[in-house]
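First the structure, in the form of structure tokens, and then the observations on it.
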Protein chains: 2
Amino acid sequence: MREHILDVAEELFATRGYYGVSIRQITQAAGIDVALINYYFGKKLELFRAVFDRRTEILSNWRTEALNATKAEAGSPEQSLEEIIRAFLLPLKIAQESGDAGWHHYLALLAHVITSAEWNKQLLPKVLDRRVGEFIEALRDRFPHARDEDLHWCYQYISGTLALTLAQTGRIDRLSGGLCKSTDFATAYEKMIPFLAAGCRAICGQEAG
Amino acid sequence: MREHILDVAEELFATRGYYGVSIRQITQAAGIDVALINYYFGKKLELFRAVFDRRTEILSNWRTEALNATKAEAGSPEQSLEEIIRAFLLPLKIAQESGDAGWHHYLALLAHVITSAEWNKQLLPKVLDRRVGEFIEALRDRFPHARDEDLHWCYQYISGTLALTLAQTGRIDRLSGGLCKSTDFATAYEKMIPFLAAGCRAICGQEAG
DNA sequence: TTGTATATTCAACAAATGTTGAATATATTG
DNA sequence: CAATATATTCAACATTTGTTGAATATACAA
């Protein structure tokens with residue numbers, strides 16, 4: 001039942017945000033009584049956190065594993081810029097390969113959280129922010145002479161590019177006359193890697209051998 | 001009075017979204033009676049549209065002007081990729097040079113709209129979507145052999161990068177330990193141009209002479 | 001001044017909101 | 001079976017929500 005509630009709330013929060021969804025809309029969509037939210041999760045805000053936290057920790061761990069895996073395989077700490085970016089864009093791969101609608105909903109919610117000052121501060125520091133350090137360190141290995149400032153701007157640009165894709169707004173469908181699809185994470189992923197890698201190289205100076 | 005209400009509503013909507021702000025919060029912050037919203041704008045949704053529309057048309061026109069200006073100056077339809085991107089990133093320049101807090105609030109709201117499936121569909125087609133065609137055509141001039149699909153993905157990546165910066169979430173401040181600032185549009189703008197230009201070149205094939 | 005259009009206040013409405021305590025049902029364990 | 005823990009329902013609460021009609025004030029024109 002807990003999982004069922006989380007699934008339903010996840011989808012609704014993803015499409016309309018925290019304030020745009022009422023407890024009663026959630027319980028109605030889930031086919032349960034209003035009081036059950038309080039029984040399982042307490043306040044509405046705690047439900048929201050539960051929804052967010054459920055997949056955030058999993059995702060964060062997978063990302064770190066993906067980042068470390070390439071180091072191990074190569075037999076040296078060296079890894080290509082593309083591999084580092086690939087690890088960061090892992091959410092796209094997860095959602096695509098799992099075929100789980102829940103992951104798609106969660107990622108749209110994640111996009112909402114990343115682009116909102118309010119939720120950003122409340123939800124990201126706990127888990128996600130801590131892993132960003134690993135990612136930036138990996139970038140640092142690739143660009144030994146880059147300024148810390150530039151690496152962080154790169155991170156923000158990468159994060160923004162990813163976020164808008166995760167949001168699945170349907171805008172690219174409209175603009176391209178159906179040529180591209182918001183839900184086509186596979187294509188978005190493949191094209192994003194060379195795009196972002198080239199961007200990083202353009203502003204981070206000489207790359208390590 | 002109309003403008004005063006729009007200013008106050010703009011700031012609140014930008015920070016908490018449409019559903020996160022009540023009519024009474026707006027009127028209280030503006031120091032006016034609740035009924036005045038209805039008197040000047042009608043329903044809450046119409047106020048929201050009014051807030052969004054006020055600067056959207058202005059911004060959209062300026063963008064088109066910026067795009068055309070470089071063509072005229074060069075005396076030929078040719079313009080560099082960087083100039084095209086510069087025109088698209090104009091919002092950053094406007095907010096920075098005007099020093100107007102209102103523009104900053106509006107742009108945060110714009111970021112919210114761009115990354116939300118719901119508001120995206122309701123607010124963007126009317127004005128902003130129509131201008132995107134001009135931008136993509138300009139890209140097409142630069143990359144005559146690129147596939148339409150790739151140009152649209154480029155657009156989405158550029159749009160996402162811009163959107164997260166417009167959102168001014170304060171995350172880069174936190175992650176960089178204060179080294180970078182969300183509100184520093186000037187730096188974000190300067191670094192974004194080479195970053196995005198390199199990204200486009202990486203996936204759009206041979207550039208026009 | 002009077003008359004009129006515009007602006008603002010006041011009070012209230014029905015509906016929706018988050019939350020909770022008590023009652024009831026179901027499952028689990030002895 | 002009985003006893004106990006877990007799960008679910010029911011009904012209600014105090015607030016807050018968007019919206020509106022009527023009353024009042026202010027500005028402006030004749």
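Keep in mind it's a predicted model, so treat the numbers as computed, not measured. Just so it is clear: chains get the letters A, B, ... in the order the sequence lines come, proteins before strands, and each one is counted from 1. Note: hydrogens, waters and symmetry copies are ignored here, and every other heavy atom, side chains too, is used.
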pair A:H105-A:D7: side-chain heavy atoms closer than 4.5 Å: no

Rounded interatomic separation in angstrom, taking CG from B:L45 and C1' from D:dT19: 14 Å

Taking distance alone, no hydrogens or angles, what donor-acceptor pairs closer than 3.5 Å link side-chain atoms of residues 31-45 of chain B to residues at least two apart or in another chain?
from: B:D33; atom 1: OD1; to: B:A35; atom 2: N; distance (Å): 2.9
from: B:K44; atom 1: NZ; to: B:Y18; atom 2: O; distance (Å): 3.0
from: B:K44; atom 1: NZ; to: B:V21; atom 2: O; distance (Å): 2.8

A:N38 side-chain N/O to C:dT19 phosphate OP1/OP2 under 4.0 Å: no

D:dT20 phosphate, OP1 or OP2, under 4.0 Å from B:K43 side-chain N/O: yes

Integer-rounded Å distance: C:dT17 P and B:Y19 OH: 12 Å

CA sep, side-chain torsions, deciding dist, call: B:Y106, B:T56, side-chain hydrogen bond (donor to acceptor under 3.5 Å, both in side chains): CA-CA 9 Å; B:Y106 163 78; B:T56 295; 2.8 Å; yes

Nearest-Å distance for atom pair CG/P, residues B:L47 and D:dT20: 14 Å

Nearest-angstrom distance from the residue atom OH of A:Y18 to C1' of C:dT17: 11 Å

Parallel, tilted or perpendicular: rings of B:W119 and B:Y19 (30°, 60°): tilted

Spacing between B:F48 atom CZ and D:dG18 atom P, to the nearest angstrom: 13 Å

Base versus backbone protein contacts along nucleotides 7-16 of chain C [heavy-atom cut-off under 4.0 Å; B, S, -]: BBBB-B----

Positive for ring-ring contact (aromatic ring centres under 6.0 Å, His included) with B:F195, one of A:Y157, A:W153, A:Y155: A:Y157

Short N-O contact, B:E134 and B:R63, less than 4.0 angstrom: no

Atom-to-atom span, CD1 of B:I26 to C1' of D:dT19 - whole angstrom: 14 Å

